[in-house]
Amino acid sequence: MSQDPKNRIVTPTTDPDRFTPEEKRTFDAGQCSWDVGDSYWGQRDTMCHQPSKPGASFGNCAKHEAKLLENHWPDGSPRR
């Protein structure tokens with residue numbers, strides 16, 4: 001029996017096109033790259049930078065993993 005693809009964990013290795021270079025650096029540093037603020041043209045993202053939860057999709061911290069999973073599957077697709 002295969003695992004549901006919606007439950008797969010997204011990382012820069014599995015889905016490099018879903019990460020900006022800055023998000024990949026943050027992921028590689030073991031930090032959450034969830035956008036926590038407004039950014040305007042020419043500004044860098046405002047990221048959480050809390051420690052990533054081991055095994056969390058996108059390298060999210062526990063708080064932002066829970067937030068993602070409220071309305072989305074681990075692969076980021078919407079729950080419908």
Side-chain angles (χ1 to χ4, degrees):
M1 179 164 61
S2 65
Q3 181 180 358
D4 186 337
K6 293 182 283 192
N7 287 321
R8 68 186 183 78
I9 304 303
V10 176
T11 70
T13 302
T14 63
D15 297 80
D17 59 327
R18 296 183 74 180
F19 289 80
T20 66
E22 186 177 7
E23 290 168 336
K24 183 183 182 314
R25 283 190 299 276
T26 303
F27 181 96
D28 291 345
Q31 298 173 348
C32 178
S33 63
W34 187 276
D35 187 359
V36 295
D38 294 325
S39 67
Y40 301 95
W41 185 256
Q43 290 182 327
R44 296 174 62 193
D45 289 337
T46 307
M47 296 182 193
C48 171
H49 291 289
Q50 292 298 309
S52 296
K53 178 183 173 189
S57 205
F58 299 98
N60 290 330
C61 65
K63 174 184 169 184
H64 290 122
E65 178 192 43
K67 185 99 174 138
L68 171 76
L69 296 177
E70 286 176 7
N71 296 307
H72 295 83
W73 295 101
D75 75 347
S77 61
R79 293 182 187 260
R80 294 181 203 187

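Quick caveat, the model's predicted, so the values are computed rather than measured. Side chains included, hydrogens not; waters and symmetry mates left out as well; all remaining heavy atoms used.
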A.B. asks: In Å and rounded to the nearest 0.5 Å, what is the CZ to CG distance from Arg79 to Leu68?
C.D. replies: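 It is 8.5 Å, given to the nearest 0.5 Å.
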A.B. asks: Restricting to non-hydrogen atoms, name the atom on Cys32 and the atom on Ser52 that form the minimum distance, rounded to 0.1 Å.
C.D. replies: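 So the minimum-distance heavy-atom pair works out to N-OG, 3.7 Å.
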A.B. asks: Which pairs with one or both residues in residues 12-21 pass salt bridge (Lys or Arg N to Asp or Glu O under 4.0 Å), sequence neighbours excluded?
C.D. replies: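 Residue pairs passing salt bridge (Lys or Arg N to Asp or Glu O under 4.0 Å), neighbours aside: Arg8-Asp15.
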A.B. asks: Given the rule in the side chain to side chain contact (heavy atoms under 4.5 Å, CB included) test, do Val36 and His64 qualify, once you have shown the distances and angles that lead to the verdict?
C.D. replies: CA-CA 10 Å; Val36 295; His64 290 122; 3.9 Å; yes
A.B. asks: Excluding sequence neighbours, so at least two apart, what forms side-chain hydrogen bond (donor to acceptor under 3.5 Å, both in side chains) with Ser77?
C.D. replies: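 Listed in chain order: Asp75.
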A.B. asks: Working to the nearest 0.5 Å, report the span between CD of Glu22 and NZ of Lys24.
C.D. replies: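 Taking CD in Glu22 and NZ in Lys24, the distance rounds to 13.5 Å.
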A.B. asks: So if I apply the side chain to side chain contact (heavy atoms under 4.5 Å, CB included) rule between Trp34 and each of Asn60, Thr26, Thr46, which one comes out positive?
C.D. replies: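 Testing Trp34 for a side chain to side chain contact (heavy atoms under 4.5 Å, CB included) against Asn60, Thr26, Thr46 leaves exactly one candidate, Asn60.
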A.B. asks: Calculate, to the nearest 0.5 Å, the distance between atoms OG and CE belonging to Ser33 and Met47 respectively.
C.D. replies: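 If we round to the nearest 0.5 Å, Ser33:OG and Met47:CE are 5.5 Å apart.
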A.B. asks: Are Trp73 and Phe58 connected, step by step, through hydrophobic side chains (Ile, Leu, Val, Met, Phe, Trp, Tyr) whose heavy atoms are closer than 4.5 Å?
C.D. replies: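 They do not share one cluster, since no chain of ILVMFWY contacts under 4.5 Å joins Trp73 to Phe58.
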A.B. asks: How would you list all residue pairs meeting salt bridge (Lys or Arg N to Asp or Glu O under 4.0 Å) that involve residues 57-67, not counting sequence neighbours?
C.D. replies: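 Qualifying pairs, neighbours excluded: Lys53-Glu65.
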A.B. asks: Mind listing the closest non-hydrogen atom pair of Pro74 and Ser57 along with its distance?
C.D. replies: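 Residues Pro74 and Ser57, closest heavy atoms: O-OG, 2.5 Å.
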A.B. asks: Ignoring hydrogens, what is the shortest heavy-atom contact between Phe19 and Val10? Give both atom names and the distance.
C.D. replies: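 Shortest heavy-atom separation between Phe19 and Val10 comes out as CE1-CG1, 3.8 Å.
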